[in-house]
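All residue numbers in this chain count up from 1 along the given sequence.
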Amino acid sequence: MAMDPEHAQWCVGDRTSINGQYCTVRFKGVVPPTTGEWLGVEWDDPTRGKHDGQHEGVRYFHVRNGAEKGGSFVRLKKVDKCMSLEDAVRDRYSTQLQEGDEKTTFVDSKAQSIDVVLVGADKAFGEQSQISQLRDVCIQSMPIFGAKNADLLDTFLPNVVHLDISKTLVSSWAVVVSIVRKLHRLRELRVCSNHFSDSTTYLPSVEGRIHSVEELFLNTMQGDIYASTDYAEALSVVSRLFPKLHALHVAGNKTTTLTRDDGTHGFPPCLKLLNLEDNLLRSWNDVRALGDLETLENLNIAKNGISSITMQGGDAVFTRLRVLNISRNNLTSWTSVSELSRLPALEELIIAHNPLFDGEKGLHVRQSIIARLPKLRRLNKSDVTEQERIIAERFYLATYAKEFWAVKGAPEDPTAAISFQTEHPTYGLLVSKHGEPEQPKAVTVALKDGFVRIHATKVSGGDVQIQLPKTTTVARLRQVLKAKKVLPPKGDFSVLIYHGDEDGSFDVELDDDMRDLGFFDVTSGRVAVKQDPFAP
């Protein structure tokens with residue numbers, strides 16, 4: 001544990017601070033030929049030291065991070081003065097009165113300064129009264145070793161709801177429990193970037209469990225526990241300690257596996273949100289093992305190294321998962337995207353910045369994802385409108401029409417049908433919804449009869465004239481109109497209206513993006529834009 005040097009007898013394993021830099025005591029004793037006691041410390045910053053625990057050929061301690069210069073010897077007088085939680089709160093949220101002062105300044109939980117005139121005994125009472133009103137307490141990056149009077153914290157901070165003791169000298173779950181067990185209104189706890197000595201061994205009593213905390217942040221924890229095979233055991237400690245935990249953040253811990261050798265994990269069973277961003281996960285098998293978290297609704301596995309997604313046939317996993325963030329991974333196959341259609345409740349997906357989409361046109365990628373996931377309502381932080389879905393699904397049908405008709409024309413080859421169904425599991429559903437795509441056929445019209453001349457008006461004003469083949473699809477026409485600045489470059493799904501003949505004697509709504517211009521009998525005329533009726 002961390003100790004205040006004015007009262008401490010330092011022990012190996014204690015956490016401390018020297019010149020504002022955190023470290024762990026690995027040795028205490030004499031280092032010949034000098035006299036007097038030294039502390040051998042391992043720095044949290046592995047580049048700060050001078051050696052690895054060996055001095056003049058004698059090994060005094062080992063640095064656990066393996067750094068050649070992760071350790072140092074320091075005199076006890078060099079150790080910084082540590083603080084209690086109570087002193088840290090007073091230091092951050094109020095300015096102490098000098099003798100004879102009549103006014104002091106308090107800082108509330110929103111960092112707003114309040115001048116208060118105090119007289120006599122009211123000075124101390126006024127300070128305590130102000131602190132007792134705090135709901136949000138952030139004392140991160142302060143050399144806190146624990147609470148001075150843990151049993152009185154319910155009167156010192158009776159209203160605190162959010163507590164941040166990240167990057168401090170709090171060094172164990174035992175110390176955390178001593179701090180929070182009396183904070184009965186506490187809902188959110190942040191203990192990021194700390195080094196706990198009992199991450200896998202702490203066994204809370206029934207009375208020591210914390211039932212009030214619903215959201216816990218354990219990001220970028222120090223040490224190697226959260227990056228080792230002991231990870232599941234460390235999470236089991238969290239599960240026992242916080243039985244009503246609904247949201248857990250364990251990002252940036254260099255975690256490589258989530259499960260024990262038998263495939264089980266230690267995550268709390270009542271989780272609704274789980275953040276595993278910026279770790280070193282490589283296999284979807286680890287993620288799939290979390291599928292038994294029956295209440296999980298939001299899962300963030302962005303910035304890992306997952307290269308493929310495979311759902312086991314018939315598995316009832318992630319039955320309530322509504323939001324999935326799998327951006328910045330290594331997905332390379334559209335089959336992985338299609339596999340996500342097996343998630344029955346998925347409504348929002350963040351999947352940008354994967355190698356699969358490199359070199360692809362953004363609109364085509366978005367349309368393909370939307371078509372493959374029929375229940376998706378939000379993609380890459382942008383809503384999916386009903387009109388956009390119709391356009392995307394028709395585009396998708398047209399894009400893979402050739403493969404569809406090839407499979408349909410060869411019923412004697414079941415392998416081809418299985419392969420197509422695996423790659424496009426929602427295609428049959430879309431056919432039922434929109435009808436079969438037009439069967440590709442050779443174009444036999446004369447070259448001079450195979451083009452149409454279209455006039456349109458730019459958003460900024462002025463006409464443009466475009467000549468296109470009749471085989472051009474409406475989807476392709478949209479792209480051309482965007483390039484010509486008739487349509488905005490992004491976020492537009494307006495309906496196109498074709499005014500036929502030079503006198504505009506008839507209008508045709510180009511409402512099917514998978515059809516070509518010839519289907520609508522477009523010859524030459526003007527295209528106008530009607531506002532998207534489904535736009536919010």
Side-chain angles (χ1 to χ4, degrees), residues 1-83 140-146 165-176 191-202 218-231 233-234 237 250-256 279-280:
M1 62 179 292
M3 304 291 288
D4 186 331
E6 291 188 352
H7 306 95
Q9 295 296 322
W10 291 101
C11 298
V12 172
D14 288 346
R15 296 278 290 163
T16 190
S17 172
I18 301 171
N19 293 326
Q21 298 294 316
Y22 291 169
C23 55
T24 303
V25 177
R26 299 297 185 202
F27 167 83
K28 179 185 176 183
V30 177
V31 180
T34 65
T35 59
E37 282 193 319
W38 293 83
L39 292 181
V41 300
E42 177 180 353
W43 300 99
D44 287 3
D45 177 358
T47 66
R48 183 175 173 78
K50 296 182 178 180
H51 52 73
D52 64 353
Q54 182 173 274
H55 178 65
E56 295 187 354
V58 178
R59 170 71 60 186
Y60 292 90
F61 64 93
H62 291 273
V63 293
R64 299 183 183 182
N65 57 26
E68 293 183 358
K69 295 186 176 182
S72 296
F73 290 110
V74 296
R75 291 293 191 183
L76 274 67
K77 64 182 180 180
K78 295 288 186 179
V79 177
D80 296 339
K81 181 176 173 22
C82 301
M83 305 175 71
Q140 64 170 316
S141 301
M142 300 183 76
I144 304 161
F145 62 85
I165 52 174
S166 300
K167 203 173 183 179
T168 63
L169 294 176
V170 172
S171 58
S172 68
W173 280 122
V175 175
V176 173
V191 293
C192 306
S193 303
N194 285 320
H195 193 305
F196 289 171
S197 59
D198 56 356
S199 292
T200 61
T201 59
Y202 184 70
L218 278 170
N219 299 333
T220 58
M221 295 297 287
Q222 298 297 312
D224 59 1
I225 292 297
Y226 290 88
S228 72
T229 54
D230 291 329
Y231 184 81
E233 300 309 320
V237 170
V250 281
N253 287 318
K254 300 180 181 179
T255 304
T256 58
N279 279 293
L280 300 176

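- Summarising the local packing, CD of E68 is surrounded by 12 or fewer heavy atoms from other residues, nucleotides or ligands at distances under 6.0 Å.
- Minimum interatomic distance between R15 and Y22 (heavy atoms only, all atoms of both residues): NH2-CB, 4.0 Å.
- Note: I144 CD1 to S171 OG = 12.5 Å, rounded to the nearest 0.5 Å.
- When the options V176, L169, T168 are evaluated for a side chain to side chain contact (heavy atoms under 4.5 Å, CB included) with N194, the one that passes is T168.
- Residues satisfying the side-chain contact (heavy atoms from CB on, under 4.5 Å) criterion with V30, sequence neighbours excluded, are P32.
- Across all non-hydrogen atoms, the minimal contact from W43 to S72 is NE1-OG, 2.8 Å.
- Scanning all heavy atoms of the two residues, the minimum distance from D52 to A67 falls at CB-O, 3.7 Å.
- With no hydrogens or angles considered, a side-chain donor-acceptor pair links T220 and S193 at under 3.5 Å.
- Side-chain contact between R75 and T34 is present, with heavy atoms from C-beta onward closer than 4.5 Å.
- The side-chain contact (heavy atoms from CB on, under 4.5 Å) search around T35 returns none, not counting sequence neighbours.
- In this structure, F27 and F73 have perpendicular ring planes: the angle between them is above 60°, well past the 30° mark.
- For the pair V250/T255, no side-chain contact is recorded, criterion being any heavy-atom separation below 4.5 Å from C-beta on.
- Between K167 and D44 no salt bridge is recorded (no basic side-chain N to carboxylate O distance below 4.0 Å).
- Between M221 and V191, the shortest heavy-atom distance links the atoms SD-O, 3.4 Å.
- Contact detail for E56 and P33: the closest heavy-atom pair is OE1-CD, 4.5 Å.
- Between R48 and I18, the closest side-chain pair of non-hydrogen atoms is not below 4.5 Å.
- To the nearest 0.5 Å, atom CZ of residue F145 and atom CG of residue D14 are 12.0 Å apart.
- With hydrogens and angles disregarded, a donor-acceptor distance shorter than 3.5 Å links the side chain of D198 to the backbone of W173.
- Residues H62 and R26 form no side-chain contact, since every pair of their non-hydrogen atoms from C-beta on lies 4.5 Å or further apart.
- Contact detail for V63 and G71: the closest heavy-atom pair is CG1-N, 3.8 Å.
- In this view, Y202 satisfies the ring-ring contact (aromatic ring centres under 6.0 Å, His included) rule with no residue, not counting sequence neighbours.
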